[in-house]
Amino acid sequence: QVQLVESGGGLVQAGVSLRLSCAASGRTITGYAMAWFRQAPGKERESVAAISWSGGRTTYADSVKGRFTISRDVAKNTVSLQMNNLKPADTAVYYCAAGWDTGLASTNWNYWGQGTQVTVSS
């Protein structure tokens with residue numbers, strides 16, 4: 001079992017940066033791909049960014065490319081999402097997820113955190 005706990009959300013103004021962190025516990029996340037998803041009110045959950053277990057491969061939603069960066073520290077069992085130039089459209093609950101790495105497009109995201117709220121005001 002893997003437990004995930006997100007932190008770093010908050011209320012910010014458009015244009016600023018925010019860094020989300022996700023701490024994994026219960027077992028090492030070596031071999032697990034990690035990802036960030038988000039869900040805005042009235043919308044479906046969407047993938048924001050994902051990173052392979054080695055950190056060598058990443059994917060991003062088109063809406064965040066060039067602004068968000070996902071990274072991980074395998075030794076510390078953490079994954080982070082650096083969010084720059086935030087926009088009101090980025091307002092959502094952000095979730096950390098983990099799944100055995102079978103390729104970022106095919107990984108089953110079996111483990112989820114409880115989410116952290118990010119609100120961007122204009």
Side-chain angles (χ1 to χ4, degrees):
Q1 282 290 85
V2 177
Q3 290 81 43
L4 304 172
V5 177
E6 303 95 336
S7 61
L11 171 62
V12 297
Q13 290 189 327
V16 303
S17 299
L18 203 59
R19 186 177 182 87
L20 303 182
S21 294
C22 174
S25 62
R27 60 168 295 166
T28 178
I29 54 175
T30 300
Y32 283 78
M34 303 293 292
W36 287 94
F37 289 75
R38 68 185 181 187
Q39 187 167 21
K43 295 187 177 181
E44 294 187 355
R45 187 176 297 186
E46 63 173 350
S47 175
V48 175
I51 188 167
S52 63
W53 75 270
S54 67
R57 290 173 287 120
T58 58
T59 61
Y60 295 92
D62 288 342
S63 59
V64 306
K65 281 181 181 177
R67 299 189 298 123
F68 290 12
T69 302
I70 188 171
S71 61
R72 68 186 296 165
D73 187 328
V74 176
K76 294 182 178 180
N77 258 13
T78 60
V79 62
S80 299
L81 184 68
Q82 177 67 39
M83 306 185 293
N84 298 329
N85 189 22
L86 282 162
K87 304 176 180 180
D90 295 319
T91 295
V93 178
Y94 283 72
Y95 298 90
C96 176
W100 187 255
D101 192 344
T102 59
L104 295 182
S106 60
T107 293
N108 290 318
W109 305 104
N110 297 313
Y111 303 102
W112 294 84
Q114 81 290 348
T116 185
Q117 177 71 46
V118 173
T119 303
V120 184
S121 63
S122 58

Participant: For residues Leu20 and Leu11: do they belong to one hydrophobic cluster (side chain heavy atoms under 4.5 Å, members Ile, Leu, Val, Met, Phe, Trp, Tyr)?
Facilitator: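 Unlinked, Leu20 and Leu11 end up in two clusters.
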Participant: Is the shortest heavy-atom distance from the side chain of Ser21 to the side chain of Lys76 under 4.5 Å?
Facilitator: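 The answer is no, as the side chains (C-beta and beyond) never meet within the 4.5 Å cut-off.
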Participant: So which atom in Asn84 and which in Ser17 form the shortest heavy-atom distance, rounded to 0.1 Å?
Facilitator: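 Scanning both residues, the minimum pair turns out to be OD1-OG, 2.9 Å.
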Participant: Mind checking the CG-OG spacing from Asp101 to Ser54? Nearest 0.5 Å is all I need.
Facilitator: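 Reported value, rounded in 0.5 Å steps: 7.5 Å.
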Participant: Does Tyr111 belong to the same Ile/Leu/Val/Met/Phe/Trp/Tyr cluster as Tyr94, with side-chain heavy atoms less than 4.5 Å apart forming each link?
Facilitator: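 In one cluster with Tyr111: Tyr94, yes.
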Participant: Rounded to the nearest 0.5 Å, what's the gap from CG on Asn85 to CZ on Arg67? Could you check?
Facilitator: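 With rounding to 0.5 Å, CG (Asn85) is 6.0 Å from CZ (Arg67).
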Participant: Between Trp100 and Gly31, which heavy-atom pair has the shortest distance, and what is it?
Facilitator: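 Reported closest heavy-atom pair: CE3-O, 3.4 Å.
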Participant: Tell me whether the centres of the aromatic rings in Phe68 and Trp36 are closer together than 6.0 Å.
Facilitator: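 Aromatic pair excluded; centres sit 6.0 Å or further apart.
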Participant: Output the distance between atom CD1 (Ile70) and atom CE (Met83), rounded to the nearest 0.5 Å.
Facilitator: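 CE of Met83 is found 11.5 Å from CD1 of Ile70.
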Participant: Are side-chain heavy atoms of Thr116 and Tyr95 found at a separation under 4.5 Å?
Facilitator: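 They are not in contact (no side-chain heavy atoms under 4.5 Å apart), so the answer is no.
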Participant: Quick one: CZ on Arg57 to CD1 on Ile51, what's the gap to the nearest 0.5 Å?
Facilitator: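 Spacing of CZ (Arg57) from CD1 (Ile51) equals 10.0 Å.
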Participant: Between Lys87 and Asp90 (salt bridge meaning N to carboxylate O under 4.0 Å), is one present in this structure?
Facilitator: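 Between Asp90 and Lys87 there is no salt bridge, as every charged N stays at least 4.0 Å from the carboxylate O atoms.
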Participant: For a 4.5 angstrom cut-off between non-hydrogen side-chain atoms, does Thr28 reach Asn77?
Facilitator: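 Yes. Closest side-chain heavy atoms under 4.5 Å.
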Participant: Please report the closest heavy-atom contact between Leu104 and Ala33, naming both atoms and the distance.
Facilitator: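 In terms of heavy atoms, the two residues are closest at CD2-CB, 3.9 Å.
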Participant: Within the structure provided, determine whether Thr119 and Val12 are in side-chain contact (heavy-atom separation under 4.5 Å).
Facilitator: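 No, every pair of side-chain atoms sits at 4.5 Å or beyond.
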Participant: Roughly how far, to the nearest 0.5 Å, is the CH2 atom of Trp109 from the CZ atom of Arg45?
Facilitator: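 If I round to the nearest 0.5 Å, the distance is 13.0 Å.
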Participant: To the closest 0.5 Å, what do you measure between CZ (Arg27) and CD (Gln3)?
Facilitator: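 Rounded to the nearest 0.5 Å, the CZ-CD separation comes to 11.0 Å.
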Participant: Donor-acceptor pair, Asn108 side chain versus Asn110 backbone, under 3.5 Å?
Facilitator: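 Absent.
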Participant: Check side-chain hydrogen bond (donor to acceptor under 3.5 Å, both in side chains) between Gln39 and all other residues, then give those that pass, not counting sequence neighbours.
Facilitator: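 Gln39 satisfies side-chain hydrogen bond (donor to acceptor under 3.5 Å, both in side chains) with no other residue.
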Participant: Out of curiosity, does Phe37 fall in the hydrophobic cluster containing Val120 (side-chain heavy atoms, cut-off under 4.5 Å, transitive links)?
Facilitator: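 In one cluster with Val120: Phe37, no.
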Participant: Do Ser80 and Arg19 come close enough that some side-chain heavy atom pair is under 4.5 Å?
Facilitator: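 Contact flag for Ser80/Arg19 side chains = yes.
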Participant: Do Glu46 and Arg38 have side-chain heavy atoms sitting under 4.5 Å apart?
Facilitator: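 The answer is yes, as the side chains (C-beta and beyond) meet within the 4.5 Å cut-off.
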Participant: Given the ring of Trp53, does Arg72 sit roughly above its face, with NZ or CZ under 6.0 Å from the centre of the six-membered ring and within 45° of the axis?
Facilitator: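 Cation-pi check for Arg72 and Trp53: fails.
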Participant: List the atom of Ala40, the atom of Thr91, and the distance in Å for their closest heavy-atom pair.
Facilitator: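 The answer is CB-O, 3.6 Å.
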Participant: Show the nearest heavy-atom pair for residues Gly8 and Leu18, with the distance to one decimal.
Facilitator: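 Smallest heavy-atom distance, with atoms named: O-CG, 3.5 Å.
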Participant: Consider side chain to side chain contact (heavy atoms under 4.5 Å, CB included). Of Ser121, Pro88, Ser122, which one does Gln13 pass it with?
Facilitator: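 That would be Ser121; it is the only one of Ser121, Pro88, Ser122 passing the side chain to side chain contact (heavy atoms under 4.5 Å, CB included) with Gln13.
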Participant: Taking Val118 as the starting point, is it possible to reach Val79 by hopping between hydrophobic residues whose side chains are less than 4.5 Å apart?
Facilitator: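 Yes, one cluster joins them.
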Participant: How far apart are the closest heavy atoms of Leu4 and Cys96, and which atoms are they?
Facilitator: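 Taking every non-hydrogen atom into account, CD1-O, 3.7 Å.
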